[in-house]
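Sequence lines set the chain letters: A, B, ... in the order given, protein chains first and strands last, and positions in each chain run from 1. As the structure is a computational prediction, the values presented were derived from the model and not from experiment.
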Amino acid sequence: LAKTTQPISMDSYEGQEVNITCSHNNIATNDYITWYQQFPSQGPRFIIQGYKTKVTNEVASLFIPADRKSSTLSLPRVSLSDTAVYYCLVGYSGGYQKVTFGTGTKLQVIP
Amino acid sequence: DAGVTQSPTHLIKTRGQQVTLRCSPKSGHDTVSWYQQALGQGPQFIFQYYEEEERQRGNFPDRFSGHQFPNYSSELNVNALLLGDSALYLCASSSRLAEILSSGANVLTFGAGSRLTVL
């Protein structure tokens, strides 16, 4: 699976938009980009997934440039409850691929 | 619709003992993966089960073994426990059919984990 690089930590005030960027320079043609959120002592929770351009759901947006070598998770108007670790994963699950997590980005939302 | 359920939630063992952790996948899912998450680290892939067979394995010793049952539930067994095995063990389920229909995009549903402490 393509290796990913994310900032180790980020701070943001409540109500601000937060953008977390993930680099994946050797992403393969078949790879998807998936983001998970994890609270302490809980399992990761799926946030959003995309292949190219922009994907938006009720909680986040995912921006993927044309070369797909990076992606940006955008969280609109964060609240204290968005304080968590965010993981970017790149891979293709067909054929029993391993899904590997990096160290993630710890987002701290400040009141 | 029940999500992924894991048991036990917490357990304490001593070095050299053996432990079995259990996982019931989300309804409609047929694939189970196990992860180990040490404090402050991301989840590390242990292995994946589909159709009762181990399909992929991460970089874990043979002390870690598993099983998948016909009802898709799964067990993770760890023998000869070491202090370093203390971690949160996560089970994740997914659907192979959904993967195929979505051309390979996979979404994992995780349980809350089993916290293992080895003394």
- line: Okay, A:Tyr36 and chain B: the region with an atom under 4.5 Å from a heavy atom over there is side chain
- prompt: Ring centres of B:Phe110 and A:Phe101 under 6.0 Å apart?
  reply: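 When the ring centroids of B:Phe110 and A:Phe101 are compared, they turn out to be within the sub-6.0 Å range.
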message: At a 4.5 Å cut-off on heavy atoms, which part of B:Gln6 comes close to chain A: side chain, backbone, both, or neither?
response: neither
- request: Could you work out the complete set of other residues in the hydrophobic cluster of A:Tyr13, with links drawn between I, L, V, M, F, W and Y side chains under 4.5 Å apart?
  value: A:Ile110
query: So, A:Ser71 and A:His24: side-chain donor and acceptor under 3.5 Å apart, yes or no?
result: yes
message: Please confirm whether the ring centroid of B:Phe47 lies under 6.0 Å from the ring centroid of B:Phe45.
response: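 Centroid separation for B:Phe47 and B:Phe45: 6.0 Å or greater.
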message: What part of B:Leu108 gets within 4.5 angstrom of chain A, counting heavy atoms only: side chain, backbone, both, or neither?
response: both
- line: With chain A, the option among B:Ala112, B:Gly42, B:Gly40, B:Pro43 that has the most non-hydrogen atom pairs under 4.5 Å is B:Pro43
